[in-house]
Amino acid sequence: MEPKYNHQDVEGRIYRMWEEGGYFTPKIDPKKKPFTILLPLPNASGQMHTGNILMIALEDILIRWHRMKGDPTLWLPGTDHAGTETQITFERELKKEGKTRFNFDRDSLYKTIWDFVQNNKHLIEGQIRKMGASVDWTRYKFSLDPDVVTTVRNTFAKLANDGLVYRDDYIVNYCPTCGTTYADIEVENKERSDALYYLKFGPFIIATTRPETMFRDTALAANPKDKRYKKWLGQTLEIPGLLGPMTMTVIADPEVDPKFGTGIMKVTPAHDTHDYQLGKNFNLPVTPIIDLNGRMDFTWFLNETEISEKFRLRAEKYHNKKAIEVRKLMLADLEEEGLVEKIDQSYTHAVPVCKAGHDIEPTVLPNWFIKVATLNKPAHDAVKSGKVKIYPKWREVTYHRWMENMHDWALSRQNVWGIRIPAWYDVEKNPSLFVTFLNDQKESISGRVSDLLNEHSLEKIKSGLQTVRAPKECSYIISVESPGASYLQETDTFDTWFSSGQWPMVSLGYPDSADFKYFYPTNVLETAWEILSKWVSRMIMLGIYMTGEVPFTDVYLHGVVKALDGRKMSKSLGNVINPEDYIPEFGVDALRMGLAVGNGNGHDYAFPRDKVIAYRNFANKVWNAGRFILLNLEGNSIAEFDKKMPGLDKTDKEIIRKLNMTIKTVDRELEKFRFSLAAEAIYSFFWHEFADKYVESTKERIKNGDIIALSVLQHVYLTCLKLLHPFMPFVTEEIWGLFKKETDRPLIVSSWPARIATQSVAGGPRCDEM
RNA sequence: GGGCGAUUAGCUCAGUGGUAGAGCACUGCGUUUACAUCGCAGGUGUCGGGGGUCCAAAUCCCUCAUCGCCCACCA
């Protein structure tokens, strides 16, 4: 036995032993209550990040603890296709090859991304193994596995049947660069400095950051309490603009802040979320001017018959340019018309951006929606009543706030990489379907389907299909299978959270697999608090909707590992550290222990390298204490430890007493998800009570032939290995194998120490049936 | 703008009413056989500021400051 613990010789070999021994796979025993955790899916868009690493460390502690306690324990792994995120990453790769997604028809693009993702999946699986995660690989799921896709579609059909699905125009967060819609919660607001234009609007001065949308302004709004504008309310005015006069009514909106700008604002229902709502309330026309590529479309104006040459030239100048360019182009024209009052160049405000960092262009699009109110209430109640408990408790507020303010869920994503929405449009009944497809020469053809069918067969259109855009009034059928040959399927896919929101059901084989019946509802959902709203709330909603039961009973939200500068890690700040990088030098055990100890109360925390070093040293300490005992056992035949065995002295009884206190503490703290306190308890007992004091005190006795001490040493030591195993699985398993006692079974499936002092090494409840 | 959280030893953090703690770092001493990735000994702090409740406050309340994060339709 080496005087140093060498993790590199151990980790791979031990992990293989566990996996090949089938210890990760639980045995279904109807007489026992299972313990189940679903691994929150890492995204297949890339490798795992710090958060994933942390959750694996914490969940494996719970899993190994329960497995040793004898529960049929399932930890189910999987990866998520992560629709938009993956597609963004993939398109970045495509760009390097000089291609874009528009070079592909739908099916080919899907297959190409599939291949791209396989590689990521393998990398992720490798990372999970490296962490020592005792996940049941035989139950591994991918969120695009055929059975998952089927269930997700069925759920949608069921929602539609229950009248909870509708299709409507809606102002959505549209990213012209990504070409897709984002849910409210996916959008981030970035502080930025922009020019604030003060423009003359007839008798008023309005302040705006977006002068280019003025061509489609349909009203002006002021606070009804604002005396300055009271007399104008309800009046309709002709306001001189860059393309002739605009007709606008002055309306009252209590949300207009009289102190901002001049207290009166322009209203663009088609390109602003607030204005859209206002437009609904006042029946204002919704007239989009920015198209899905982010370019401004002046066709509506240029098609008019009587327009002056000046206005025509202007419109032609702006036409088909990006909004931001038009903003620049119009400035001179505004000046020429004398419409600019002043420009505040240093106005800071929050601008919505997508995950890739592009500006969001609020746009009106037909979208698939889920009515949230009926799903939402039971989910809200489940947490209020304690059916689902959230740890730490103070995070609960976030959940309730989100539940109270939830909007209907916009499901449509204009991605290929995802689960295609099972809605079908009959091309004969819906001639206005706008279809884009690639013909045999790989040319992109677009148009109304009724026109396209004059020259192309529906079969060709289907095989080269890129997108179907169905105007709001189109008729549709929701069906998992195609309703007939004349139908085209919706090309939008589901929001990723719609499928991952069903993970507890789909991953277990809902609705009638043996696994689902046995393991559902699961026990603990452990994840980063950041996705409480995005993911956890959706799972509770859909779980109750689909099964009538909550999908899990405890939610533990761990803190996020902060960067060393105390801020959130982000690629753009360049402060990302990957804890995984510590593994080669210090070993997984050290990393896991460090992560567990840092994570106190679910608060965010920094993770310094010193900590990993400290626990590397600890692993070595554990190793050497074992080495000491083994060396002394050589040539000695000792009695099995028993509390009542004769010859125990005061120090023996004292160490047994402290050991039992430690067992109690570890159990108690783990039950409350206080990983840090559990780990510290065993750490300080082992090092400072057992190693520093007790082991030292036995040296003299052993020299004098007092082999009772050896029995106690072995008992306490092996019990410590058990207590430590959930935290540091590799070093403990390796040494366990070197002891000759009770080692017919690996440590991973040995029995968890009982708290009572009368327990002997070989006693206690066993979990031999695992 | 609203909400949540943090502020404790040089650093990273525990500690939630009863005379301040851990790890790392630091200082001194110590290597004939478990471990120098070690042992023994040692110093460390007006527990962010101010006010209040209490016999007693790092801990409860109020307030201010700084930092972090979440949410939000101020154009």
Side-chain angles (χ1 to χ4, degrees), chain A residues 1-6 171 184-185 187-189 194 196-199 206-211 213 217 220-223 253 255-268 272-278 347 349-350 352 362 392 394-398 400-402 405 529-530 532-533 559-560 562-568 586-587 590 593-594 597-632 674 676-677 679-681 683-684 687-688 691-693 695-696 698-699 703 713 717:
Chain A
M1 196 172 172
E2 296 293 318
K4 282 190 167 84
Y5 169 59
N6 190 344
I171 186 113
D184 289 347
I185 197 153
V187 173
E188 288 178 26
N189 291 288
D194 276 313
L196 182 64
Y197 300 79
Y198 286 78
L199 304 177
I206 58 97
T208 181
T209 51
R210 304 207 58 187
T213 57
D217 288 347
L220 291 163
N223 194 301
D253 176 11
E255 290 185 28
V256 173
D257 179 359
K259 290 195 277 295
F260 184 88
T262 55
I264 186 161
M265 66 170 200
K266 68 192 202 63
V267 181
T268 322
D272 182 284
T273 30
H274 175 242
D275 293 0
Y276 182 79
Q277 282 307 329
L278 212 51
Y347 170 63
H349 62 153
W394 51 268
R395 293 273 186 213
E396 233 185 77
V397 185
T398 317
H400 293 308
R401 271 171 59 85
W402 164 248
N405 300 318
W529 57 267
E530 290 174 301
L532 179 66
S533 316
V560 173
K562 291 186 292 189
L564 295 175
D565 59 4
R567 294 201 290 177
K568 193 176 164 178
F586 304 112
M593 190 73 173
V597 169
N599 196 40
N601 284 338
H603 289 121
D604 295 351
Y605 65 113
F607 186 58
R609 178 190 160 94
D610 285 352
K611 207 166 239 171
V612 190
I613 297 174
Y615 292 109
R616 185 274 316 261
N617 295 351
F618 180 58
N620 193 57
K621 188 76 182 175
V622 172
W623 175 262
N624 272 289
R627 182 162 175 258
F628 171 79
I629 296 169
L630 283 169
L631 288 173
N632 282 292
R674 304 182 45 135
S676 181
L677 296 179
E680 275 172 3
Y683 174 91
S684 73
W687 200 317
H688 301 304
D692 286 350
K693 299 199 182 107
V695 172
E696 290 304 319
T698 59
K699 285 181 177 168
K703 216 182 275 174
L713 273 176
Y717 183 74

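The figures that follow rest on heavy atoms only: side chains count, while hydrogens, waters and symmetry mates do not. Here is the naming used below: chain letters follow the sequence lines, and residue numbers restart at 1 for every chain.
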Visitor: So do the side chains of E255(A) and L278(A) get within less than 4.5 Å of each other, counting heavy atoms only?
Guide: no

Visitor: In terms of relative ring orientation, are H688(A) and Y683(A) parallel, tilted or perpendicular, with 30° and 60° separating the classes?
Guide: perpendicular

Visitor: Looking at Y615(A), I'd like to know if the NZ or CZ of K621(A) sits under 6.0 Å from its six-membered ring centre while staying within 45 degrees of the ring's axis.
Guide: no

Visitor: Look at the aromatic rings of F618(A) and W687(A) and report parallel, tilted or perpendicular, splitting at 30° and 60°.
Guide: parallel

Visitor: Taking only side-chain N and O atoms of W529(A), does any of them lie within less than 4.0 angstrom of OP1 or OP2 on rC69(B)?
Guide: no

Visitor: From C-beta outward on F260(A), which listed nucleotide comes closest to its side chain: rA14(B), rG23(B), rA75(B)?
Guide: rA75(B)

Visitor: Return no unless some side-chain N or O of H349(A) is found under 4.0 Å from OP1 or OP2 of rC74(B).
Guide: no

Visitor: Does any N or O donor sit under 3.5 Å from an N or O acceptor when you compare the side chain of K621(A) with the base of rC35(B)?
Guide: yes

Visitor: Among rA34(B), rC74(B), rC71(B), which nucleotide sits nearest the side chain of R401(A)?
Guide: rC71(B)

Visitor: Where does RNA chain B pair, written as one dot-bracket string 5' to 3', with Watson-Crick or G-U pairs under 3.5 Å, ( ) inside the strand, [ ] for crossing pairs and | for another strand?
Guide: ((((((((.[[[[.)..(..]]]].(((((.......))))).....[[[[[..)....]]]]])))))))....

Visitor: Donor-acceptor pair under 3.5 Å: do we get one between K699(A)'s side chain and the base of rA34(B)?
Guide: yes

Visitor: Looking at rA34(B), does its base get a donor-acceptor pair with the side chain of E696(A) below 3.5 Å?
Guide: yes

Visitor: Answer with yes or no after comparing the ring centroid distance for Y347(A) and Y198(A) against a 6.0 Å cut-off, counting only values under it.
Guide: no

Visitor: Counting side-chain heavy atoms from C-beta on, which of rC73(B), rC74(B), rU37(B) comes nearest to E255(A)?
Guide: rC73(B)

Visitor: From the list rA34(B), rC73(B), rG23(B), which nucleotide is the closest neighbour of the side chain of T273(A)?
Guide: rC73(B)

Visitor: Atom CD of residue position E188(A) - does it have more than 12 heavy atoms of other residues, nucleotides or ligands inside 6.0 Å?
Guide: no

Visitor: From the set rG39(B), rA75(B), rC73(B), return the single nucleotide nearest to any side-chain atom of T209(A).
Guide: rA75(B)

Visitor: Using a cut-off of less than 4.0 Å, is there contact between a side-chain N or O of R674(A) and OP1 or OP2 of rG15(B)?
Guide: yes

